[in-house]
Trainee: 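What follows is a structure written as structure tokens; I'll ask about it next.
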Protein chains: 2
Amino acid sequence: MTREDGKSGAARMRDVARMAQVSTMTVSRALTDPAKVSPDVRARVAEAVRAVGYVPNKLAGSLSSSRSRIIGLVVPSIENSLFASTVQGISDVLRRHDHQLMIADSGYSMEAEEAAIRAFLEQRVAGLILHDTTHTPAAVEMIRRSGVPVVENGTLVPDPLDMVVSYSNQDASRAMTLHLARLGYRRIGFVSLHAATNARSRDRQLGYRAALEEAGLPFEPALMLEMPGGLASGAEALLRLMEGPVVPDAIFFAGDVLAMGASLECARRGWPVPGKVAIAAFDNFDLLGHLVPPVTTLKLPRLEIGRRSAEVLLDRIQGRASGPLAVDLRFEIIHRAST
Amino acid sequence: MTREDGKSGAARMRDVARMAQVSTMTVSRALTDPAKVSPDVRARVAEAVRAVGYVPNKLAGSLSSSRSRIIGLVVPSIENSLFASTVQGISDVLRRHDHQLMIADSGYSMEAEEAAIRAFLEQRVAGLILHDTTHTPAAVEMIRRSGVPVVENGTLVPDPLDMVVSYSNQDASRAMTLHLARLGYRRIGFVSLHAATNARSRDRQLGYRAALEEAGLPFEPALMLEMPGGLASGAEALLRLMEGPVVPDAIFFAGDVLAMGASLECARRGWPVPGKVAIAAFDNFDLLGHLVPPVTTLKLPRLEIGRRSAEVLLDRIQGRASGPLAVDLRFEIIHRAST
DNA sequence: TTGTAAGCGTTATCAT
DNA sequence: ATGATAACGCTTACAA
């Protein structure tokens, strides 16, 4: 396409201004705050915008106003469906408030997270949402200096950077373990992801041990396992525990799709659940309710975490709130036939 | 924090320049193309950057150079795990090439897609990736005028906007249907999502019917169903077909998690698979291989679609390629015990 | 209600 | 190898 002045390229605000016979400032007002402009001018501007196919340049706008409508999000893994609901929640709220989402993936590495945070700050994002709660010192320093508001939502940390929106992994794990104890199970196995690299797993282990103590059950090291995530890994954990020195009467799988893998392995071997061993899961995958038998699990507020994170961030950005903030969202136990 | 001149706020390039005793232009060169600058200057700039905690402002950079390193992606649903692998693939490649990803969600609506595209163009993205292949006329017009390169990857469309990276939904559906016919099944049911709103489902229906004809099997309208996605929906589809006027000996579930729901329903009812009815799925969810019996399915190049989309887009952006392009990625049939 | 002028923080371009 | 100057396209601040 070609503009009337013969130059090619995208139309700029001054092309619109010229056509509508007003200044660029008036065009700017007509677009961002129509009430500030006379109806006549508003109409002429709208018509000119249409005629030249004007698409505002937000880079220029943001540079000039020192305000952007972009939120940066770092998750450990985009592919992991657990994070997907949270991202969906964030996206829903942002869209309603006319903000954009930039997303990056740390691959569970703090260094990659730091790189992503730097890239976001370079884009002058209006806010950050970080799934993880442990960061490199450099990342923390950059965020501090930038003054950009941040929400963390991996777990309820005691010393947040700024705001936290999550549920308590420790409480949830404790609640499920107590639930099993109350049902009469005495040798409760526990399988999680590696705690050394994962604050969430650490909290879940703490909750498990706290519950054992509370229920007056001894802690058996042989009943606690750390595994990578995945279906096959869940099956393997099941077998290892069942063939170990202390045979559990129930196993709580506090990580990823481990419980699903274990449940399917029981089905393959024809082991009755909970006759041979009871199985409990940590996350509310739809599927857990459709297995045979359906699996007891925790219902975690994944979508809600996303929504609330976006909301508190926007509140802060738009000056409706200030200061640290911790939102402790609630979880539920969904009791099913597997326990 | 406070800068040496007493002003507060983020450090700018001129703060770095002043401290390193060079011009901003030299700082700019030292950062973007270090080879163009003497080793001495390079070191002084690096030191100054560190000292003031300088984070470059890419908004200003992009405005000035008319180049951005942001790619916009629109998917129908962020939450849907099928798209998650593709997003992961895109993200992997972009990170390696120092580009950023903006993501938006159309909720399967063309109008929402148009809004997302407009927002991306306002941010002056360097390229677009659209999962869907049908767009509003306004969206098409905007993209055309902007000159921004685009990749579509929902299905292999005959009339792409620009570039396409996908597999052929029609071929894949045809291949699986023929596979079932070759195994000796004569009354092959077919369940997909609603074709009216989904180009992918349309293509899959076409493939199914083409295969029937090729195999010399009659098309039975009663054997073809359209359902919403979801586990429960798959179970319902199974029951409807099994209780319908023409009882299938095999069912091909060409949508979402429908096959999983159906397989689990068979398990609940104790129906032997494939004794009572054979089941085939369309997508390679990990889980399908772990069900009892494991389910025959198509292995689709989800991750690869993401990677290649990002690659062809970057090739175009960086001037290594031009003109339309269609990448037809390959799928495989994974034969398992359910058929 | 509308306009003018001066930036926002970079990079392109042309000098030296 | 380095620097001066003028954009990039918009908004802020002030003026009329």
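These figures come from a predicted structure and were not determined experimentally. Here is how names work: the chains are called A, B, and so on, in the same order as the sequence lines, proteins then strands, and each is numbered from 1.
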Trainee: For D/dT11 and A/Ser65 - does any side-chain N or O of the residue sit under 4.0 Å from the phosphate oxygens OP1/OP2?
Mentor: no
Trainee: For B/Lys36 and C/dC14, what is the distance between atoms NZ and P respectively, to the nearest whole Å?
Mentor: 14 Å
Trainee: Could you tell me the separation between the CD atom of B/Glu122 and the P atom of D/dG9, rounded to a whole number of Å?
Mentor: 15 Å
Trainee: Any donor-acceptor pair under 3.5 Å joining the side chain of B/Ser64 to the base of C/dT10?
Mentor: yes
Trainee: Quick one: on DNA chain D, does B/Ala35 or B/Ser66 contact a more 5' nucleotide (nearest heavy atom)?
Mentor: B/Ala35
Trainee: Rounded to the nearest Å, what distance is computed from the CG atom of residue A/Leu121 to the C1' atom of nucleotide C/dT10?
Mentor: 17 Å
Trainee: Select base, sugar-phosphate, or nothing to describe what A/Ser38 touches, counting heavy atoms under 4.0 Å on all strands.
Mentor: sugar-phosphate
Trainee: Starting at atom CG of A/Leu63, determine the distance to atom P of C/dG9, rounded to an integer number of angstrom.
Mentor: 7 Å
Trainee: Can you tell me the distance, in whole Å, between the CG atom of B/Asn57 and the P atom of C/dT11?
Mentor: 9 Å
Trainee: Give a yes/no on whether any side-chain N or O of A/Ser23 is located under 4.0 angstrom from OP1 or OP2 of C/dT2.
Mentor: no
Trainee: How close or far is atom C1' of D/dG3 from atom CZ of B/Arg14, stated in whole angstroms?
Mentor: 16 Å
Trainee: Using a cut-off of 4.0 Å on non-hydrogen atoms, how would the nucleic acid contact of B/Arg67 be classed: base, sugar-phosphate, or nothing?
Mentor: sugar-phosphate
Trainee: Within a 6.0 Å radius of atom CZ on B/Arg44, are there more than 12 heavy atoms belonging to other residues, nucleotides or ligands?
Mentor: yes
Trainee: With nearest nucleotides of DNA chain D determined for B/Thr24 and B/Arg124 from heavy-atom distances, which residue corresponds to the more 5′ nucleotide?
Mentor: B/Thr24
Trainee: Within a radius of less than 6.0 Å around CZ of A/Arg118, do more than 12 heavy atoms belonging to other residues, nucleotides or ligands occur?
Mentor: no
Trainee: Rounded to whole angstroms, how far apart are CE on A/Met25 and P on C/dT2?
Mentor: 12 Å
Trainee: B/Leu31 CG to D/dT2 P: how many Å, rounded?
Mentor: 14 Å
Trainee: When you check the gap from the basic side-chain N to the acidic O, do B/Arg50 and B/Glu47 get nearer than 4.0 Å?
Mentor: yes
Trainee: Could you tell me which non-hydrogen atom of A/Gly323 sits nearest to which non-hydrogen atom of A/Asp162, and how far apart they are?
Mentor: O-OD1, 4.4 Å
Trainee: Which value, rounded to the nearest 0.5 Å, describes the distance between A/Glu113 atom CD and A/Thr134 atom OG1?
Mentor: 7.0 Å
Trainee: OP1 or OP2 of D/dT11 sitting under 4.0 Å from any side-chain N/O of A/Ser28?
Mentor: yes
